[in-house]
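Comments concern the structure below.
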Amino acid sequence: MNEINGEIRYKDRIYKLAFNLNVMQAIQKKYGSIEAWGKVTDGTDSEPDVEAVIFGFTEMLNEGIEIDNDENGTDLKPLTPKQVGRIITEVGMNNALDKLQKTVVDSTQSAEKNG
């Protein structure tokens with residue numbers, strides 16, 4: 001599984017998106033499965049569940065921040081769901097969903113290729 005493979009730009013800052021086992025665990029704990037979460041965030045059958053979108057983004061962004069902190073010795077603070085909601089609003093829901101879905105797909109495809 002590829003640790004960090006997405007990013008999102010907000011106010012001249014690039015935030016890394018990480019979709020790994022830590023993020024998967026948080027999503028499964030809240031939504032029961034990655035598949036269940038994916039269905040409510042993809043917007044195929046109805047509008048995306050905004051709470052689920054913000055939750056997933058918050059987990060992915062904060063995992064990216066924690067990885068940066070570990071690897072670079074920085075002490076960046078995790079983002080709150082309200083801050084993440086502002087980021088999504090600024091970049092646009094469709095653009096944010098595209099980045100979220102691409103990050104999830106790229107991460108799981110890299111795991112399949114390496115497995």
Side-chain angles (χ1 to χ4, degrees):
M1 181 170 282
N2 192 357
E3 273 290 333
I4 295 178
N5 56 8
E7 60 183 39
I8 195 162
R9 181 180 294 274
Y10 175 69
K11 292 189 176 184
D12 297 326
R13 174 139 190 231
I14 296 175
Y15 290 94
K16 293 179 181 176
L17 295 168
F19 187 79
N20 59 20
L21 290 176
N22 295 327
V23 174
M24 292 172 72
Q25 178 185 27
I27 290 170
Q28 284 178 334
K29 186 174 183 179
K30 183 164 176 106
Y31 292 92
S33 70
I34 303 299
E35 183 179 354
W37 172 76
K39 285 181 181 177
V40 297
T41 60
D42 72 5
T44 303
D45 297 330
S46 63
E47 66 186 24
D49 180 319
V50 174
E51 181 180 355
V53 171
I54 291 173
F55 179 82
F57 255 109
T58 301
E59 292 299 321
M60 292 168 72
L61 288 167
N62 284 338
E63 184 68 8
I65 289 169
E66 285 187 41
I67 291 168
D68 272 351
N69 285 344
D70 290 346
E71 291 178 354
N72 301 318
T74 54
D75 190 25
L76 300 171
K77 294 181 177 155
L79 298 169
T80 67
K82 285 200 175 253
Q83 290 171 313
V84 172
R86 290 182 199 118
I87 291 170
I88 294 169
T89 300
E90 180 72 23
V91 302
M93 181 67 114
N94 288 336
N95 186 27
L97 284 171
D98 287 346
K99 289 182 183 292
L100 180 125
Q101 290 170 350
K102 181 173 177 11
T103 300
V104 171
V105 168
D106 288 351
S107 291
T108 54
Q109 284 180 349
S110 73
E112 290 170 3
K113 287 179 188 174
N114 294 329

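Values below: every heavy atom of this structure, side chains too, minus hydrogens, waters and symmetry copies.
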- prompt: Transitively linked via ILVMFWY side-chain contacts under 4.5 Å: Tyr10 with Ile14?
  reply: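 Tyr10 and Ile14: separate clusters.
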Flag side-chain contact, heavy atom, 4.5 Å: [X] against [Y]:
X	Y	result
Lys99	Arg9	no
Phe55	Ile27	yes
Met93	Val53	yes
Leu61	Leu17	yes

Which heavy-atom pair separates [X] from [Y] by the least distance, and what is that distance?
X	Y	result
Ala18	Gly64	CB-N, 3.8 Å
Ala36	Ser33	N-OG, 2.9 Å
Val23	Glu59	CG2-O, 3.7 Å
Thr41	Ala52	CG2-CB, 3.6 Å
Leu97	Pro48	CD1-CG, 3.5 Å

Output the distance between atom [atom1] ([X]) and atom [atom2] ([Y]), rounded to the nearest 0.5 Å.
X	Y	atom1	atom2	answer
Ser107	Met24	OG	CE	9.0 Å
Asn72	Thr74	CG	OG1	5.5 Å
Glu51	Tyr31	CD	OH	5.0 Å
Gln83	Ile88	CD	CD1	12.0 Å
Leu79	Ile54	CG	CD1	12.0 Å

Test side-chain contact (heavy atoms from CB on, under 4.5 Å) applied to Ile67 and Lys16, step by step: CA-CA 9 Å; Ile67 291 168; Lys16 293 179 181 176; over 6 Å; no
task: Return yes when atom CD of Gln25 has more than 12 non-hydrogen atoms of other residues, nucleotides or ligands closer than 6.0 Å, and no otherwise.
output: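 12 or below, so no.
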message: Donor-acceptor check, side chain of Asn62 to backbone of Ile65, threshold 3.5 angstrom: yes or no?
response: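 Such a contact is absent between Asn62 side chain and Ile65 backbone.
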- prompt: Parallel, tilted or perpendicular: which describes the rings of Phe19 and Trp37, with under 30° parallel and over 60° perpendicular?
  reply: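 Taking Trp37 first and then Phe19, their aromatic rings lie parallel (interplane angle under 30°).
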query: Out of Leu100, Thr103, Ile87, which one pairs with Phe57 under the side chain to side chain contact (heavy atoms under 4.5 Å, CB included) rule?
result: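 Output: one option passes, namely Leu100.
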- prompt: Would you call Arg86 and Glu90 a salt bridge, using N to O less than 4.0 angstrom?
  reply: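 No, no charged N to carboxylate O under 4.0 Å.
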